[in-house]
Amino acid sequence: METLKDLAKVCIHPIEGWQELFYGKKQSLMLANILAVAYFAVAIIKRQLTGFIFNSTVQLDRINVGFIFTQTIILLVAFTAINWAVSTLFDGEGKLEGIWVCVCYSFAPTIFTTICYVIASNMMAFEEQFFLKGILYIGYVWTGLLIIKSLENIHQYTIPQTLFTLILTIFGILVLIFLFVLLLSLSQQVIRFFVTIYKELSLR
Amino acid sequence: MKKVCSLLIIGTVFLTAQIYISAAAVPYTTYTYNQWHSPVDSPPGYKPSRSIDGISLGTGRFLNPQDVFAGTDKTLYILDTGNNRVVYLEHETGDVKILEKFSLNGKEYLLNEPHGIFVSEDKVMYIADSNNKRLIKCKMNGEITQVFERPMSEQFPVNEEFIPLKVTVNSSGIVHVLCKGIFNGAVMYNSSGEFLGFFGSNKVEITPKLLFDRFLKSFMSATQKEKLPAYIPTEYSNLLYDNEDFLYTCTVSAFSQTSLIRKLNPSGVNILETKAGTSFQKGFGDFGLTVGNKLQRTQIIDITVDEKGFISAVDFSLGKIFQYDQDANLLFAFSGLGDREGLFLSPVAIESIGEELIVLDNKSGRITFFELTEYGNIIRESLAMYNEGLYVESVDLWKTVLKLNSNCNLAYIGLGKANLEMGEYEEAMRNFKIGHYDYGYNRAFTLFRKAGSRSNFLVLFIPVLIIIIVIFIYDLEITRKAAKRTMTWTRKSRDRIFRKLSGAKGKSDGNT
């Protein structure tokens, strides 16, 4: 399982790991896809299976899977696409597959720590939530650092450039959401227009 | 085959018909709120037993009656506002008496739309004579002994008129009057008629909107500031003193649902505020009810506290009656607007005599009596024991409650607490989870974990010990291998150096 060893190297020794991964062309698109699906699965598991003490405000029988799908996979896809667009504008050298591999591999720590969180939350009391939340936040921070390092490597940016493009990427995601909502409401109007015409004709 | 089918169909129709028949016995649905603030049906806690009005009592129709009062001797006083009289029913004899003629200093005195009545234990009647702008204190024969008028003090707001609406008196004889438009609280008089000040105003709650408006206000000119809506506390709709001299107040429109009903101690602190915050429902009244497109707010117009300490409140907007215990847990909500017995056109007052609830409807002039059902009785008994801390003794009662209403969260919480006391931690965890009480679940879980890990100590400890030993041995192995590598490297490089040296000197020594 060479690809898993590469993943471990990338997470634990990011400074050399990312360079080795892309220079040696060892990146695996399939592993990236599996990790994205795993992120989605783990998000559902986190919502449903965390211990009752830490999950008492969540209605377990009312899960909106589409919501969670959007928050995980669609977010990853949108981030990749917008980052590719922004980096193209700013002379980045990363390709789309490369960015997708970067983003998905970086989420491996969150997947791992979230599973630890779910298991531990069933065994801890409310007073120990410091450690529990700590596990979760370690995962998030680790992922964040990995994303910054991987993007820096693949686009061949300096750190300030990476951070700048990241901010633009987030802004771009908001623009994307806005455009999507606009598209939705406009298309609703178009459909309503045609449906009204059809109704008029059929009732005459 | 056909016969069997038809028999089955007829059988199920009959079975379902049974259920519908028993539900139709009461003309309303009873419900509570669960942990997600959705209404959950429950069996009826009260059912309407009888109703009386002016015609059935023989006193002539009540015209816009605004208040009822039940004295300590269970006499029911009805304030017939439109006819400016008081009708009272004595409990034992069932006699109906009318008090129409009042005399002040020998001269005849006419009430003018009195809105509130209170009768003390020694049969002294206090009537809030609203349109005459005074509060009168009179004996049972109509002879007025004292008149309370607008206080001369400067504390009383200058532009407001003194229009007393509701009155209540505590055990030391201090009179509290609720006046229209006075939001400083209840106007207090002592027994000799001196004005003592105000008590217990509603608090203005700090919301983000308020802070934003204050921020904008700092940029405004004086004339603009005058036109701003003022953030003043709302006045309340009713007030009453209980046996232990706590003042209960209710408000028609409060800022938050935890302050709709308040219980004030003598310093004016609302005891129910923290209880409502930690109670199951976290608030009074209805949650998230929408009528048409608008959010329907509960407008509590009157409250009463019965002998066992349960607070019943009546909601003016939808005609609902809510009953809470002293910990602000909702027992049930029932009734509504309508024409049938048990429903109201416009409820304005609620009272309790013994275990009965009495609601006054001012549009129909009817007074409806509600009595407890089996379910209502049992849940009140269980809550009384639960609130005294007798968890183990209340187990059987809670189980009966669950048989009647398996949705009752309070029952599961009560059972869970009893389980905790008896040391059954797993059962307690299960009950608390169903009842959705995460604080209790946490405690049961901690105790369960402690007991479980103590009794299974070896099972948990030995694997940990094995892991530690394995890691130790692995560490030793790695160190040994690294040392060997270093040794080999050191030896190899040493040999190389010697070879170079000996090669440079010539192959004479052979010291390898």
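Naming convention: chains lettered A, B, ... in sequence-line order (proteins, then strands); numbering from 1 in each chain. Just so you know, these numbers come straight off a predicted model, no measurement behind them.
Side chain of B:N442 to backbone of A:A125: no donor-acceptor contact under 3.5 angstrom is found.
How far CE of B:M429 is from CZ of A:F52: 10.5 Å, rounded to the nearest 0.5 Å. Distance check, rounded to the nearest 0.5 Å: OG of A:S56 to OH of B:Y437 gives 12.0 Å. Rounding to the nearest 0.5 angstrom, the gap separating the OG1 atom in B:T446 from the CZ atom in A:F126 is 11.0 Å. Note that CE of A:M123 and OG of B:S453 are 12.0 Å apart. Values are rounded to the nearest 0.5 Å.
Counting non-hydrogen atoms of neighbouring residues, nucleotides and ligands closer than 6.0 angstrom, the OH atom of B:Y31 exceeds 12 such neighbours. Residue A:I15 qualifies as open at atom CD1: its count of foreign heavy atoms under 6.0 Å is 12 or below. Within 6.0 Å of the CZ atom in A:F112, the count of heavy atoms belonging to other residues, nucleotides or ligands does not exceed 12. More than 12 heavy atoms of other shown residues, nucleotides or ligands fall within 6.0 angstrom of atom CD in A:Q156.
Scanning both residues, B:F445 and A:I53, for their nearest heavy atoms gives CD2-CD1, 3.8 Å. Considering all non-hydrogen atoms of both residues, B:R449 and A:M124 come closest at NH1-CA, 3.4 Å.
For a residue to count as touching a neighbouring chain, one of its non-hydrogen atoms must lie under 4.5 Å from one of that chain's; by this rule A:N55 does not touch chain B.
Contact check for B:W36 versus A:R62: no side-chain heavy atoms found under the 4.5 Å cut-off.
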